[in-house]
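The structure appears below as structure tokens.
Note that this is a predicted model, so its numbers are computed, not measured. So you know, we letter chains A, B, ... as the sequences are listed, proteins then strands, and number each from 1. Worth knowing before you read on, the calculation uses all heavy atoms, side chains too, and leaves out hydrogens, waters and symmetry mates.
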There are 2 protein chains.
Amino acid sequence: MKNFVRIPRDLGHAIRQARREKNLTQADLATRSGVWQETISKVEAGRGGTKLDTILALLAALDLELLVRTRSKGTASDFDNIFD
Amino acid sequence: MKNFVRIPRDLGHAIRQARREKNLTQADLATRSGVWQETISKVEAGRGGTKLDTILALLAALDLELLVRTRSKGTASDFDNIFD
DNA sequence: TACGTTTATGATCTTTAGATCATTTGGAGG
DNA sequence: CCTCCAAATGATCTAAAGATCATAAACGTA
């Protein structure tokens, strides 16, 4: 069962998906994470750059975490389209 | 075989480790990634915030990638101390 | 369609990361 | 100790992110 997303391809997508699954509005997530609704809108839309701190705050509030691993391990298809 | 690190705990550490394993100086990594040596120094030391773009550039140059996944899957011990 | 809620945009201001250069500290060998 | 290279610090400047407020566009639903 796939439970990963590649960054940055689907970062905004993953965040939006996770937020919706928890029935949170951007405003809700904003209060929980300390990140502003307007910023969340941008992040979810993949518009503009973002600070690591910001995405970490969002992911934490959504009970998601970030991992690094070596690119060579595993094939692309192992992790693709998780949050289609 | 463990091949993950948790972010942000070991991000700088992971980058430094990966860089050293490839026998690259910070200056080398700088040219390859387009990120300045001074910035790399900060990132590796975990000093100050960083833009996502910057860490992605570094990770790409080191053949590392970033993944998101739900925090609940798997136990901490599965991924701890990979880049001790 | 009209209302209420959610999301997107737009403007301004503040803060901070990153570029850039110069300097310094720290190690490893000679 | 003295070089040489690598890494860290420090100052200044520019660009970009995020805070903040206000408003507009979208979307669902009664």
Side-chain angles (χ1 to χ4, degrees), chain A residues 5-68 70-71 81-84, chain B residues 5-68 70-71 81-84:
Chain A
V5 236
R6 279 231 161 72
I7 296 292
R9 223 191 81 192
D10 297 320
L11 179 59
H13 223 214
I15 288 175
R16 172 162 295 178
Q17 199 90 5
R19 177 175 62 78
R20 292 218 167 122
E21 269 160 22
K22 299 190 181 253
N23 289 323
L24 300 173
T25 75
Q26 290 184 348
D28 291 335
L29 182 54
T31 30
R32 292 180 184 222
S33 63
V35 176
W36 290 75
Q37 181 264 315
E38 295 87 337
T39 303
I40 297 175
S41 173
K42 282 194 173 183
V43 170
E44 287 189 352
R47 237 171 311 125
T50 315
K51 283 189 213 164
L52 186 56
D53 298 335
T54 302
I55 74 122
L56 287 173
L58 293 176
L59 294 179
L62 291 167
D63 200 51
L64 297 174
E65 67 181 356
L66 217 45
L67 307 169
V68 220
T70 126
R71 197 192 290 283
N81 304 316
I82 298 92
F83 292 86
D84 60 330
Chain B
V5 237
R6 278 231 161 69
I7 298 295
R9 223 189 82 193
D10 298 319
L11 179 59
H13 222 213
I15 289 174
R16 173 161 294 178
Q17 199 88 8
R19 176 175 63 79
R20 291 217 168 120
E21 270 161 22
K22 300 190 180 246
N23 290 323
L24 299 174
T25 77
Q26 290 183 347
D28 292 335
L29 182 53
T31 28
R32 293 180 184 219
S33 62
V35 176
W36 290 75
Q37 182 265 315
E38 295 87 339
T39 302
I40 297 175
S41 173
K42 283 194 170 183
V43 169
E44 287 189 352
R47 234 171 314 122
T50 315
K51 283 188 215 165
L52 185 56
D53 297 335
T54 302
I55 74 122
L56 288 173
L58 293 176
L59 294 179
L62 292 167
D63 201 50
L64 297 174
E65 67 182 353
L66 216 47
L67 307 170
V68 222
T70 126
R71 197 191 290 281
N81 305 317
I82 299 96
F83 293 85
D84 59 318

Next on the checklist: Tell me the interatomic distance from B:N23, atom CG, to D:dC5, atom C1', rounded to whole angstroms.
Outcome noted: 15 Å
Checklist entry - Rounded to the nearest Å, what distance is computed from the CD1 atom of residue A:I55 to the P atom of nucleotide D:dA17? => result 14 Å
Next on the checklist: Treating primed atoms plus P, OP1 and OP2 as sugar-phosphate and everything else as base, which nucleotides of nucleotides 20-30 of chain C get B, S or - for protein heavy atoms under 4.0 Å?
Outcome noted: BBB--------
Next on the checklist: With a 4.0 Å limit, can you tell me whether B:T54 has a side-chain N or O closer than that to the phosphate oxygens OP1/OP2 of C:dG18?
Outcome noted: yes
Item to check | Nucleotide nearest A:R16 (side chain, heavy atoms from C-beta), chosen from C:dA17, C:dT7, D:dG18 | outcome: C:dT7
Checklist outcome for this item: All heavy atoms of A:A18 vs all of A:L64, minimum pair found to be CB-CD1, 3.8 Å
Checklist entry - What's the CG-C1' distance between A:D53 and D:dA17, to the nearest Å? => result 11 Å
Next on the checklist: Heavy atoms only, 4.0 Å cut-off, all strands: where does A:R20 land among base, sugar-phosphate and nothing?
Outcome noted: nothing
Next on the checklist: Restricting to non-hydrogen atoms, name the atom on A:I40 and the atom on A:S33 that form the minimum distance, rounded to 0.1 Å.
Outcome noted: CD1-OG, 4.5 Å
Next on the checklist: What does the B/S/- profile of nucleotides 23-30 of chain D look like, 5' to 3', with a 4.0 Å heavy-atom cutoff to protein?
Outcome noted: --------
Checklist entry - Can you name the nearest heavy-atom pair linking B:A57 to B:V35, along with the distance? => result CB-CG2, 4.0 Å
Item to check | Side-chain heavy-atom pair A:L66, B:L11 within 4.5 angstrom cut-off | outcome: no
Next on the checklist: Going by salt bridge (Lys or Arg N to Asp or Glu O under 4.0 Å), name the residues that satisfy it together with A:D63, two or more places apart in sequence or in a different chain.
Outcome noted: B:R71
Item to check | Close side-chain approach of A:D10 and B:V68, heavy atoms under 4.5 Å | outcome: no
Checklist entry - Mind checking what makes side-chain contact (heavy atoms from CB on, under 4.5 Å) contact with A:T31, not counting sequence neighbours? => result none
Next on the checklist: Categorize A:R19 for me: base, sugar-phosphate, or nothing, with a 4.0 angstrom heavy-atom threshold over every strand shown.
Outcome noted: sugar-phosphate
Item to check | Distance (rounded to the nearest 0.5 Å) between A:T25 OG1 and A:Q37 CD | outcome: 8.0 Å
Next on the checklist: Once salt bridge (Lys or Arg N to Asp or Glu O under 4.0 Å) is applied, what residue pairs with a partner in residues 25-40 of chain B remain, sequence neighbours excluded?
Outcome noted: none
Checklist entry - So which nucleotide from C:dT7, C:dA17, C:dG18 ends up closest to the side chain of A:Q26? => result C:dT7
Checklist entry - So which of residues 40-47 of chain B are in contact with DNA chain D, with a heavy-atom cut-off of under 4.0 Å? => result B:S41, B:R47
Checklist entry - Axis-to-axis angle across the helix from C:dT1-D:dA30 to C:dG30-D:dC1, five pairs an end, to 10 degrees? => result 50°
Next on the checklist: Suppose the criterion is side chain to side chain donor-acceptor pair (under 3.5 Å): which pairs have a residue in residues 42-57 of chain B, not counting sequence neighbours?
Outcome noted: B:R16-B:E44, B:R19-B:E44, B:Q26-B:E44
Next on the checklist: Within the 4.5 Å heavy-atom criterion, are B:T39 and B:L58 side-chain neighbours or not?
Outcome noted: no
Checklist outcome for this item: Taken to the nearest whole Å, CG/B:L52 to C1'/C:dT16 is 16 Å
Checklist entry - Please give, in whole Å, the distance from C:dA17 C1' to B:L56 CG? => result 15 Å
